[in-house]
Structures are given as C-alpha cells and as structure tokens.
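Keep in mind that this is a model prediction, so the values were computed, not measured. Heavy-atom basis, side chains included; hydrogens, waters and symmetry copies ignored.
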There are 2 protein chains.
Amino acid sequence: MTRSTDTSWAEHALETLQAAGHRRGGARTAVVEALAGHDCAVTALDLDDELRRRRPPVGRASVYRALEQLEQLGLVQRIEVCRGTAGYERVDPAGHHHHHAICRDCGRMVPFENSSLERAIHEVSEGMSFEVTEHDVVLRGTCERCAN
Amino acid sequence: MTRSTDTSWAEHALETLQAAGHRRGGARTAVVEALAGHDCAVTALDLDDELRRRRPPVGRASVYRALEQLEQLGLVQRIEVCRGTAGYERVDPAGHHHHHAICRDCGRMVPFENSSLERAIHEVSEGMSFEVTEHDVVLRGTCERCAN
DNA sequence: GAGCATAATGAGAATGAATCTAGTTTGTGT
DNA sequence: ACACAAACTAGATTCATTCTCATTATGCTC
Ligand SMILES: [Zn+2]
Ligand SMILES: [Zn+2]
Ligand SMILES: [Zn+2]
Ligand SMILES: [Zn+2]
C-alpha cells in the first residue's frame with residue numbers, strides 16, 4: 001500500500017460535504033481528489049497549477065473556496081508552510097496525524113509524529129479555559145542537507 | 001512588577017545587536033523599545049502605526065527590517081497570529097517562553113506554558129535529523145467568551 | 001422532461017501584508 | 001572635519017488571498 005492517493009479519505013470528504021448540505025460540483029471534487037493525492041502539505045497555488053490544466057479548468061477562486069470549506073469541516077488542516085504562504089493537508093478521520101520540521105534555509109519539510117508530545121498537548125488542552133479542537137506544532141531549524 | 005515594559009530585554013537586545021556588528025540607529029532602537037512594551041505578540045503594522053507618529057517618523061520598511069534582524073539574532077519570535085499576518089514577540093534571553101491558544105472566532109490569544117510539553121518537544125528535537133533551533137505550538141479552538 | 005430556486009463556478013479585479021528600490025541621512029573610524 | 005558604509009524613509013512593487021459578479025450546473029417539484 002504505497003499508493004499516495006487516499007481513496008478512503010476522498011470518499012469520506014465527499015460524503016461529509018454532502019451531509020453538510022453541499023451540492024456536488026466538479027471543481028470541489030477535483031480539489032478533493034487532488035488533495036487525496038498528496039501525503040503532506042500542498043499550497044493552494046500548487047493545487048491551482050495542478051488543476052488549471054484540466055478540462056474544464058478549475059478556477060483559482062474555486063480552489064481557495066473548496067479549501068476553506070474543507071477546513072471548516074475539519075477535513076483538511078491549514079499550516080503555515082513558509083513566510084506568508086499556507087499549506088493544506090488532509091486530516092485522517094481517525095485522528096492520526098503528524099507535525100512538521102521546516103528548514104529555515106531551503107524550506108524542506110519533514111513530517112514526524114510522537115506520542116508523548118501528543119499526550120502533553122492533550123493534557124495542556126484539558127487544563128485550558130479554551131475548548132481546544134486543533135493544535136499545531138512546528139519545529140524550525142536547519143536540515144541535514146543545508147547543515148554541512 | 002506589573003510594568004509591561006521590559007527594560008532588561010531592551011538592553012540585552014541592543015547589546016546583542018551591537019555585538020553582531022550593527023551600528024545604533026534611531027529607527028531600530030525605536031522598534032526595540034516598542035517591542036519591550038508588549039508582553040505578547042504584536043503585528044508589524046501595529047508597530048508601524050505606533051511608530052509612524054514619532055518625530056522623526058519611523059518608516060514601515062525599517063520596522064520590517066528591524067524585526068527581521070531581531071528574529072535572525074533570536075531576540076524576537078515570529079508567530080502566525082491570524083490568517084496571513086505575523087506577530088512578533090520578544091524572546092527571554094534565559095529561554096523562558098510561552099505558547100498560545102488562539103480563538104478561531106474572535107482571534108483572542110491566550111498565552112500558556114507547560115514544562116512537560118517543553119520536555120516532549122525537546123526530546124523530539126533530539127531524535128531528529130534536523131538541527132532544531134526553535135519551535136512553535138499553537139492551540140486553536142473557541143475561547144470561553146465565544147463558547148457561551 | 002421542463003421549470004425554478006439557488007448553489008457552485010471562473011475570470012478578473014481588489015485587497016493587504018511584506019518586500020524591494022532609489023535616493024537621502026546618519027553613525028563611526030580616521 | 002572627511003569619507004564611506006550602514007541605516008533610514010517614502011513610495012512602488014510583489015504576491016498570496018479574497019472579493020465581485022455574470023454564468024452555469026445541481027437537485028427538486030410538478
Ligand atoms: Zn504533513
Ligand atoms: Zn499532534
Ligand atoms: Zn505571547
Ligand atoms: Zn516551547
């Protein structure tokens with residue numbers, strides 16, 4: 001199972017959209033399918049490039065609109081991938097997820113996951129006046145390639 | 001000690017700048033002093049508003065330039081405060097710091113700190129091919145005021 | 001299947017944070 | 001005081017993101 005396209009996520013996403021009262025539309029479906037093909041964060045403009053070529057082409061506004069709706073429904077997570085640009089990545093319905101280390105020099109992004117970190121975050125969230133529904137962790141530094 | 005202006009941080013910052021080979025200049029000093037007056041993150045444009053009125057006025061470019069230099073030297077930390085805008089806050093030279101919970105509805109930002117979270121992050125950083133020099137944690141959700 | 005209300009779409013304009021440019025001023029060593 | 005580089009300001013520019021609005025497609029009812 002090395003296929004990078006997560007069909008089950010795509011199905012889940014489309015169902016959730018429908019359940020939320022959305023009609024089905026070609027552009028949004030295309031965005032969902034494109035997201036399903038990426039294991040880690042993609043920028044909106046990357047998706048736009050990817051989808052503009054399709055026939056019929058998907059408009060930029062539709063990409064952003066779809067991403068916003070998906071984020072609202074908790075189907076994708078938005079993270080700041082580099083100064084002033086956001087990356088979007090699909091959210092596993094079971095809650096399984098990773099975080100990122102980002103190289104300050106080359107922008108390379110390496111995902112990681114760690115259960116004691118998740119536990120600590122969960123505990124902090126409990127003891128907060130906020131009702132925390134989401135969290136994000138970013139490590140910044142120099143990747144091995146840029147360190148030499 | 002309820003004074004919000006942290007004089008010691010300002011002094012430390014100005015010394016570090018000088019040690020890094022920077023001349024002293026009015027605009028940058030003004031930015032340092034303004035930052036010293038804020039306990040938590042401020043946006044560059046807020047600082048700009050605050051400093052534009054001075055005589056002589058500080059230019060927007062100088063604000064951004066100073067913030068970038070300060071960040072480079074580890075004297076301020078940059079965090080995404082809301083969609084597409086960065087906030088900057090001073091970094092305690094002793095390493096003491098906090099993270100933030102941000103309300104999705106009203107944008108309110110509540111700082112918190114937690115040692116087991118820091119410990120977990122430290123451990124993850126150790127086991128990484130990256131050389132991690134900085135980390136950021138953001139909790140998102142609904143604040144008590146917006147929850148009612 | 002035709003007709004309707006309304007959601008979805010896409011081209012392009014508008015926004016706004018951040019960066020760049022050019023020309024001027026200021027700081028520092030001699 | 002002089003020279004030279006760093007620092008400065010105003011304004012133009014870039015670029016991701018959002019908005020507008022005319023057009024098309026969808027789901028529903030008859
Ligand atoms: Zn990822
Ligand atoms: Zn996590
Ligand atoms: Zn803070
Ligand atoms: Zn921390």
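Atom CD in A:Gln69 sits about 12 Å away from atom P in C:dA7, given to the nearest Å. A straight line from CG of A:Leu14 to P of C:dA8 spans 13 Å, rounded to a whole angstrom. At whole-Å resolution of the value, CG in A:Leu51 and P in C:dA11 are 13 Å apart. The nearest whole Å value for the distance from the CG atom in B:Leu67 to the P atom in C:dA17 is 14 Å. Protein atom CZ of B:Arg83 is 15 Å distant from nucleotide atom P of C:dA17, rounded to whole Å. When rounded to the nearest whole Å, the span between CZ of A:Arg55 and P of C:dG10 equals 15 Å. Counting to the nearest Å, the C1' atom of C:dG27 and the CG atom of B:Leu17 are 15 Å from each other. C:dG10 atom C1' lies 18 Å from atom CZ of A:Arg53, rounded to whole Å.
For A:His98 and A:His96, the ring centers are positioned 6.0 Å apart or more.
Between B:Glu68 and A:Gly21, the residue whose closest nucleotide on DNA chain C is further toward the 5' end is A:Gly21. When each of B:Ala27 and A:Ala86 is assigned the nucleotide of DNA chain D bearing its nearest heavy atom, the one mapping closer to the 5' terminus is B:Ala27. Toward the 5′ end of DNA chain D lies the nearest nucleotide of B:Gly84, the other residue of the pair A:Gly26 and B:Gly84 mapping further downstream. Nearest-nucleotide positions on DNA chain C place B:Tyr88 closer to the 5' end than the other of B:Gly25 and B:Tyr88.
Heavy atoms of B:Pro57 sit under 4.0 angstrom from primed sugar atoms or phosphate atoms, though from no base atom. Residue contacts shown for B:Ala61 include a base, since a base heavy atom lies under 4.0 Å away. Within 4.0 Å of B:Arg60, counting heavy atoms only, lies at least one base atom of the nucleic acid.
Between A:His22 and C:dA8, a side-chain N or O to OP1/OP2 separation shorter than 4.0 Å is present. Put simply, B:Tyr64 has a side-chain N or O that comes within less than 4.0 Å of OP1 or OP2 on C:dA18. Contact between the side-chain N/O atoms of A:Ser62 and the OP1/OP2 oxygens of C:dG10 is found at a separation under 4.0 Å.
Between the side chains of A:Arg28 and A:Gln69, at least one donor N or O lies within less than 3.5 Å of an accepting N or O.
Between the side chain of A:Arg90 and the backbone N or O of A:Ala36, at least one donor-acceptor pair lies under 3.5 Å. One N or O on the side chain of B:His97 and one on the backbone of B:Gly95 form a donor-acceptor pair closer than 3.5 Å.
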Given the rule in the side-chain contact (heavy atoms from CB on, under 4.5 Å) test, do A:Val31 and A:Leu70 qualify, once you have shown the distances and angles that lead to the verdict? CA-CA 10 Å; A:Val31 171; A:Leu70 289 165; 4.3 Å; yes
Go through A:Glu118 and A:His135 one step at a time and tell me if the side-chain hydrogen bond (donor to acceptor under 3.5 Å, both in side chains) criterion holds. CA-CA 9 Å; A:Glu118 297 301 331; A:His135 63 265; 3.0 Å; yes
Quick one: do B:Glu71 and A:Arg104 satisfy salt bridge (charged side-chain N to carboxylate O under 4.0 Å, His left out)? Show the steps, please. CA-CA 12 Å; B:Glu71 191 192 358; A:Arg104 207 192 313 282; 5.2 Å; no
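Note that the first and last nucleotides of DNA chain D, 5' to 3', having any atom under 4.0 angstrom from a heavy atom of chain B are D:dA5 to D:dT18.
B:Glu68 and A:Arg83 are not joined by a salt bridge, as no carboxylate oxygen comes within less than 4.0 angstrom of a charged side-chain nitrogen.
Below the 3.5 angstrom threshold, one finds a donor paired with an acceptor across the side chain of A:Arg65 and the base of C:dG10.
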